[in-house]
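Note that the coordinates shown come from a computational prediction; the quantities given were computed from them, not determined experimentally. The sequence lines fix the lettering, A, B, ..., with proteins before strands; numbering per chain opens at 1.
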Amino acid sequence: MLLDTLNDRQREAVLCTEGPLLILAGAGSGKTRVITHRIAYLIEEKGINPWNIMAITFTNKAAGEMRERVDELVGFGSESIWVSTFHSSCVKILRRHIDKIGYDNHFTIYDTDDQKTVMKEIYKKLNIDSKQLKERSVLSVISSAKNEMISPEQLKKQAGENYGQQKIAKIYKEYQEQLHKNNALDFDDLLVKAVELFEACPDILEQYQERFRYIMVDEYQDTNTVQFRFVSLLASKYKNLCVVGDDDQSIYKFRGANIENILNYEKVFPEANVIKLEQNYRSKGNILNAANQVIRNNTTRKDKALWTDKEDGDKIHLRQYNTAYDEAEAIASDIARRVENGEYTYKQCACLYRTNAQSRMLEEKLITWNIPYKIFGGINFYQRKEVKDILAYLKTVDNARDDVAVKRIINIPKRGIGQTTLDKVQAFANQHEITFYEALMRVEEMDIATRTANKIREFINSIRVYRSKLGEFPLTEIFEDIIEGTGYKRELELEDTDEARTRIENIDELLSKLTDYQNVTEEPTLSGFLEEVALVADIDSYEENSDYVVLMTIHSSKGLEFPNVYLCGMEDGLFPSYMSITDDDPTELEEERRLCYVAITRAMDNLTVTYARSRMVRGEMQYNKVSRFVKEISPMILDAKEEGTMNLGGFGKSIGFTNSTEEKQDSSQTVKRSYGMGTSAARAAFSRNIYGGNLTGYSGSLGGFGKKSMSASELMNSGAVKKGVEKSSASLDYAPGDKVKHIKFGVGEVISIVDGGRDYEVTVQFEGYGIKKLFAQFAKLKKV
DNA sequence: CAGCCATATCTTTTT
DNA sequence: GATATGGCTG
């Protein structure tokens with residue numbers, strides 16, 4: 001029987017089918033089980049037509065899984081349930097109706113890169129200096145505005161007399177016009193336009209209200225204001241809105257997620273039922289306790305207490321290393337050992353970290369240990385140059401109004417159409433208020449050299465040929481025409497480098513994805529393919545079947561679980577991030593803590609937390625102390641060890657302390673700090689046992705991907721190693737975590753020390769003065 | 001117009 | 001350290 005496998009709370013949630021329902025589901029409490037069973041119950045017991053059920057998830061992968069699991073529970077019909085992400089739901093709706101609000105149904109979707117390209121054009125047009133106002137920051141203001149459903153006009157009003165904000169509002173307006181002209185929507189627009197559509201056309205809204213009588217939203221804590229509006233509109237007729245989430249796992253504030261949505265659900269829907277799922281089925285006792293001990297330090301959260309009836313299991317392993325290199329090495333060897341022992345398989349192990357950049361060194365070490373791995377995040381397949389180029393061709397064929405795509409490919413491969421020509425065409429387009437592509441077609445009206453004009457006509461013609469094949473020939477054939485016809489592939493083949501070969505592989509990979517799409521879809525269209533491609537997340541490609549160690553950011557790990565988890569880089573300044581520590585807004589730190597909670601609760605039976613005394617960040621050596629979150633875990637459940645502190649031998653000898661003559665010689669070339677610290681720091685560290693690495697210990701931070709380990713002499717000869725540089729500062733006799741005294745600010749605790757090249761930049765938390773960044777040379781800090 | 005070299009800035013996290 | 005940008009030269 002359907003309900004037999006559920007606990008009381010879960011069963012209650014499944015049976016509560018009518019009206020608004022909030023399910024507060026702690027980590028690992030069987031949330032997905034509840035949703036799938038609820039859907040099955042609606043269909044099997046309540047006789048609801050699957051067609052009337054909508055489930056919104058966070059990723060495509062989650063959507064696929066949900067459909068699969070419902071499929072196992074109900075005999076048939078699961079395929080007509082609408083299961084998808086917010087973004088793809090909106091796209092589906094907009095593809096049908098967006099013409100009602102003045103767009104063409106063939107709109108293209110812009111990713112972050114495209115947005116930036118548009119922004120650059122606008123900066124040119126409005127004569128804005130990108131050094132004064134960064135495109136990125138304007139885009140982020142625009143994004144937040146969209147998430148809050150603030151229009152350019154409203155933003156202008158809000159800006160009042162503030163010149164800077166007026167400027168941003170003006171850019172926002174221009175940006176929207178540009179997108180409209182290109183018949184393009186950015187990610188945020190997908191939601192905004194869907195809501196606009198519903199508000200503008202009550203008949204269309206009603207049509208969808210009738211269809212989606214039962215709506216379920218997963219990961220509700222990560223919804224933003226537009227998303228909330230979107231589901232509210234849909235649910236406003238039948239009010240069968242079931243949201244599932246955990247306020248403790250809200251980690252997408254930076255993307256506009258509004259934690260109030262879940263905290264205030266009962267205020268918005270006073271008649272709502274609330275059910276708490278507090279039994280955790282995933283983690284062993286110690287892991288769960290650690291998670292609870294961390295999260296209870298947050299002030300704004302719903303009261304709940306996760307418990308388990310599982311055994312305590314191992315304590316949390318806590319390991320400190322000298323360098324990130326040692327950390328990675330230790331993790332790799334631990335995985336190798338445990339797999340060899342038969343404790344775990346590769347795919348049961350995951351390395352989680354705060355920032356994508358941390359994956360490099362882990363990757364390198366896993367390669368040397370011959371451990372299969374896969375990295376998620378970082379550069380998405382669809383963001384690679386070659387893939388974006390080909391997609392831009394396809395977009396141009398599909399929607400020539402998309403200026404961004406046209407401009408991207410007009411000179412790829414090189415056709416001899418340069419910047420000057422492009423500027424002329426753009427000017428012509430602006431003047432006649434036509435698209436870039438239309439301007440290209442009127443090349444003879446412009447003052448452009450015949451040779452170049454002919455090249456342009458050739459380009460236009462080739463696009464025209466590809467387009468004429470649409471509908472007549474399979475999409476894959478058009479694809480192949482493009483890569484052959486333009487000479488794109490041939491150019492790469494001639495290059496004959498490893499990089500070029502990888503590019504070709506990626507293009508082939510894209511082709512096979514198109515082939516898949518064509519085979520699977522009933523009515524394959526170019527727009528359809530492009531849209532599918534625009535909305536995939538990296539995590540969507542995660543397969544449980546293949547045996548590899550998984551590397552990903554904590555953000556991407558949400559919703560997943562692994563028997564053996566390594567949580568690395570647990571250092572104050574890295575995690576919690578430096579930004580969140582120094583920010584005036586304490587909620588930033590709370591969000592980091594939630595992130596930590598998410599990380600810990602990914603682990604099922606073994607959790608290893610690691611951190612390093614020193615780490616290379618953006619080409620600078622950073623010295624950090626252990627994360628404050630680790631200190632929130634009771635020592636009773638920690639098994640703590642420091643590794644490598646005794647390995648001091650040879651440091652001084654193998655590098656050699658340099659004198660000032662050598663410094664002068666070196667100053668002609670860029671003396672990067674790549675080879676560790678200057679003499680004074682080395683001495684300071686040396687005396688404090690902070691640093692104990694040996695020479696080869698550094699090769700990790702020097703060699704990139706694919707460079708296998710080098711011997712010490714090879715390193716020296718390769719030029720990768722630069723000699724140490726004498727610092728003008730006196731040696732530092734304090735380290736992160738120490739109390740120091742400042743003449744003005746009094747006593748404070750050192751948070752981090754960054755090697756700024758000429759001097760050390762010391763961040764100190766002062767009692768009464770807050771956080772200050774000081775230069776060691778001037779600050780004259782005294783250890784107390 | 002394209003290719004080369006020097007420089008500046010970067011990083012939190014992503015649909 | 002890596003990548004995007006800008007200036008210069010052939």
Side-chain angles (χ1 to χ4, degrees), chain A residues 56-63 84-91 109-113 116 120 130-131 134-136 140 143 146-147 185-191 219 222-224 226-227 250-257 352-358 360-361 376-380 382-383 385 411 413-422 449 451-452 455 534-540 552-558 569 573-581 583 588 591-592 594-596 598-599 616-622 669-670 672-675 700-705 707 720 722:
Chain A
I56 297 181
T57 60
F58 202 64
T59 61
N60 293 305
K61 174 175 181 281
S84 64
T85 63
F86 273 106
H87 293 271
S88 46
S89 298
C90 291
V91 171
I109 300 165
Y110 277 180
D111 68 10
T112 338
D113 277 355
K116 221 176 150 194
K120 277 184 191 153
S130 67
K131 290 210 175 70
K134 291 202 184 65
E135 288 100 341
R136 255 169 36 91
S140 115
S143 174
K146 287 183 178 179
N147 286 330
L185 303 182
D186 63 23
F187 281 129
D188 302 314
D189 276 339
L190 296 176
L191 271 309
E219 308 283 12
D222 286 322
T223 53
N224 59 35
V226 217
Q227 291 167 335
S250 168
I251 55 172
Y252 282 105
K253 188 178 167 212
F254 69 93
R255 209 174 63 191
L352 308 182
Y353 37 78
R354 178 69 239 268
T355 64
N356 278 307
Q358 291 169 253
R360 280 240 166 79
M361 198 154 292
F376 293 88
I379 323 112
N380 187 316
Y382 294 105
Q383 286 172 317
K385 258 185 239 112
N411 202 28
K414 302 260 178 297
R415 296 189 172 88
I417 304 171
Q419 195 54 51
T420 340
T421 314
L422 295 187
R451 251 175 61 100
T452 321
K455 296 284 179 191
L535 298 173
V536 290
D538 211 30
I539 196 71
D540 294 339
M552 60 174 81
T553 63
I554 303 165
H555 279 93
S556 343
S557 76
K558 194 176 64 160
L574 186 62
F575 188 23
S577 75
Y578 186 76
M579 303 274 242
S580 68
I581 297 174
D583 202 295
E588 294 285 325
E591 172 128 332
E592 294 278 307
R594 290 193 291 269
L595 195 54
C596 183
V598 168
M616 204 62 123
V617 180
R618 302 203 298 263
E620 303 179 309
M621 191 60 90
Q622 273 198 25
Q669 38 182 299
T670 10
K672 276 276 176 187
R673 281 89 57 196
S674 53
Y675 194 63
S701 56
L702 298 165
F705 173 73
K707 274 185 217 160
K722 302 273 158 54

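Distances from the side chain of Phe187(A) to the nucleotides dT15(B), dA2(B), dT14(B) place dT15(B) closest. Comparing dT13(B), dC1(B), dT15(B) by their nearest atom to the side chain of His555(A) picks out dT13(B).
Thr112(A) comes within 4.0 angstrom of nothing in the nucleic acid, heavy atoms only. Heavy atoms of Thr59(A) sit nowhere under 4.0 angstrom from any nucleic acid atom. Looking at heavy-atom distances under 4.0 Å, Lys120(A) makes contact with sugar-phosphate atoms alone, never a base. Within the nucleic acid shown, Asp111(A) has no heavy atom closer than 4.0 Å to any nucleic acid atom. When heavy atoms are screened at a 4.0 angstrom cut-off, Lys134(A) is found touching the sugar-phosphate backbone but no base atom. Contacts of Phe86(A) with the nucleic acid, taken as non-hydrogen atoms under 4.0 Å apart, are absent. As judged by a 4.0 angstrom heavy-atom cut-off over every strand, Arg451(A) is placed among residues making no nucleic acid contact. At the heavy-atom level, Thr420(A) lies under 4.0 Å from the strands shown only through sugar-phosphate atoms. Within 4.0 Å of Gln419(A), counting heavy atoms only, lie sugar-phosphate atoms of the nucleic acid but no base atom.
The interatomic distance linking Arg360(A) (CZ) with dA2(C) (P) rounds to 6 Å, in whole Å.
Not one side-chain nitrogen or oxygen of Asn411(A) sits closer than 4.0 Å to the OP1 or OP2 atom of dC1(B). Note on Ser577(A): every side-chain N or O is 4.0 Å or more away from OP1 and OP2 of dT11(B).
With the nearest nucleotide of DNA chain B identified for both Asn356(A) and Ile417(A), Ile417(A) has the one nearer the 5' end.
Rounded to a whole angstrom, the distance from the C1' atom of dT11(B) to that of dG6(C) is 23 Å.
Residue-nucleotide stacking is not present for Phe58(A) and dT15(B), judged by a side-chain ring centre under 5.5 Å from the six-membered base ring centre and planes under 30° apart.
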